[in-house]
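See below for the structure under consideration.
It should be emphasised that the depicted structure is a prediction, and the values quoted were computed from it without experimental measurement. Both ligands and their constituent atoms are indexed starting at 1 by order of listing.
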Amino acid sequence: MISATRPSAVKIARRGLMLVISSPSGAGKSTIAGNLLKEDKGLSLSVSVTTRTRRPSEIDGVHYDFVSVREFERLRDSDALLEWAEVHGNYYGTPREAAEVAMAEGRDMLFDIDWQGAQQLQDKMSADVVSIFVLPPTMAELQSRLHRRAEDTEEVIATRLANSRSEIEHWREYDYIVLNDDLQRAFASVQAIVEAERLRRDRRPGLFDFVNGLLTEEPEL
Ligand code: ADP
Ligand code: 5GP
């Protein structure tokens with residue numbers, strides 16, 4: 001029997017992909033991203049730097065590198081960030097080095113960033129970017145998820161809700177749209193997207209050698 005998960009003995013060199021996931025706050029992109037990172041060992045998280053205050057459940061250096069505004073500005077001004085944006089009144093940015101090393105080594109990286117960051121990566125590295133926008137089923141559910149998460153103050157939740165409509169308006173700029181009504185279904189959709197994008201011909205330069213090898217193989221008589 002051929003198993004779908006059986007590792008292939010044939011290795012074909014390929015480029016890494018930059019998986020960008022965005023959504024209005026509370027739609028569930030970090031939950032989906034977290035599940036994906038647990039299940040898919042070929043994917044690593046781009047750990048952003050931010051000036052936002054750490055949430056109780058977050059670990060410095062794992063979820064974000066929490067920095068002062070002064071340190072953020074130093075990183076930004078020394079070109080150490082691949083992209084950066086102000087979101088909900090705080091600065092966020094993607095460290096350049098980790099992402100460039102991952103791409104050079106053909107490793108896949110996940111970026112949990114907003115639409116402004118997605119636009120910047122799309123402009124700079126469009127061939128490598130695969131972008132997904134996660135939508136909530138209703139605005140009422142978005143609001144209850146922000147409350148149920150119970151990690152932000154009422155004031156912070158209000159700011160995020162107020163910004164959610166203008167964030168959703170950017171949905172057309174993404175390659176894929178995933179509706180996060182049922183978490184398992186949304187997660188399965190994201191897994192399917194990653195699987196298919198990894199098989200794209202233009203992401204697998206090793207196919208040239210592989211196919212040449214196939215065509216020069218002497219038939220066994
Ligand atoms: P985001 O990263 O988009 O701001 P989170 O991933 O933190 O959102 O999710 C916000 C809250 O909603 C969390 O408490 C999470 O457990 C919950 N959540 C995520 N997806 C679903 C879903 N499909 N149904 C119900 N709750 C969900
Ligand atoms: P949160 O404060 O909820 O962790 O994130 C707030 C928003 O900032 C989310 O939309 C998240 O995707 C975005 N974000 C997180 N890191 C980055 C980053 O490095 N760059 C950009 N542009 N947005 C980010």
Is it the side chain (CB and beyond), the backbone, both or neither of [X] that lies under 4.0 Å from ligand 2, heavy atoms counted?
X: Arg55; answer: side chain
X: Glu83; answer: side chain
X: Arg52; answer: side chain
X: Arg160; answer: side chain

| task | Please work out whether the ring planes of Phe72 and Tyr91 are parallel, tilted or perpendicular, with thresholds of 30° and 60°. | result | parallel
| task | Taking all heavy atoms of Ile12 and all of Arg204, pick out the closest pair and write down the distance. | result | CD1-NH2, 4.1 Å
Examine [X] and [Y] and state if one hydrophobic cluster contains both, with Ile, Leu, Val, Met, Phe, Trp and Tyr joined whenever side-chain heavy atoms are less than 4.5 Å apart.
X: Ile132; Y: Trp115; answer: no
X: Leu135; Y: Tyr176; answer: no
X: Val134; Y: Leu19; answer: yes

Salt bridge check: are [X] and [Y] linked by an N-O gap of less than 4.0 Å?
X: Arg149; Y: Glu151; result: no
X: Glu141; Y: Arg145; result: yes
X: Glu58; Y: Arg52; result: yes
X: Arg76; Y: Glu71; result: no
X: Asp114; Y: Lys29; result: no
X: Asp77; Y: Arg74; result: no
X: Asp79; Y: Arg96; result: yes

| query | Heavy-atom contact under 4.0 Å between Asp181 and ligand 1? | reply | yes
| field | Sub-4.0 Å heavy-atom approach of Pro24 to ligand 1 | value | yes
| Test of proximity, Ser30 against ligand 1: N or O pairs below 3.5 Å | yes
With heavy atoms of [X] as the reference, note each atom of ligand 2 found under 4.0 Å away.
X: Tyr64; value: 1 (P), 4 (O), 5 (O), 15 (C), 16 (N)
X: Lys29; value: 9 (C), 10 (O), 11 (C), 12 (O)
X: Gly117; value: 22 (N)
X: Thr94; value: 19 (O)
X: Ala85; value: 22 (N)

How close does the nearest protein non-hydrogen atom get to [atom], and which residue and atom is it?
atom: atom 7 (O) of ligand 1; result: Arg149 NH1, 2.8 Å
atom: atom 13 (C) of ligand 2; result: Asp114 N, 3.7 Å
atom: atom 6 (C) of ligand 2; result: Tyr92 OH, 3.5 Å
atom: atom 7 (C) of ligand 2; result: Val87 CG1, 3.7 Å
atom: atom 15 (C) of ligand 1; result: Thr31 OG1, 3.6 Å
atom: atom 19 (O) of ligand 2; result: Ser48 OG, 2.7 Å

| query | Considering Arg160, Arg145, Arg55, which one's heavy-atom position lies nearest to atom 18 (N) of ligand 1? | reply | Arg145
| query | Which of the listed options, Asn163, Thr53, Ile113, Ile21, holds the heavy atom that is closest to atom 24 (C) of ligand 2? | reply | Ile113
Would you mind running through ligand 1 and noting each atom that sits below 4.0 Å from a heavy atom of [X]?
X: Arg148; result: 25 (C), 26 (N)
X: Leu183; result: 20 (N), 23 (N)
X: Ser25; result: 4 (O)

| said: Treating Ser22 as the side-chain partner and Ile113 as the backbone partner, does any N or O pair qualify as donor plus acceptor under 3.5 Å? | reply: yes
Would you say [X] and ligand 2 have an N/O pair spaced under 3.5 Å apart?
X: Ser25; answer: no
X: Val49; answer: no
X: Asp112; answer: yes

| Does ligand 1 have a heavy atom under 4.0 Å from the side chain of Ser23, from its backbone, from both, or from neither? | side chain
| Separation between OG1 of Thr51 and CZ of Phe66, rounded to the nearest 0.5 Å | 10.5 Å
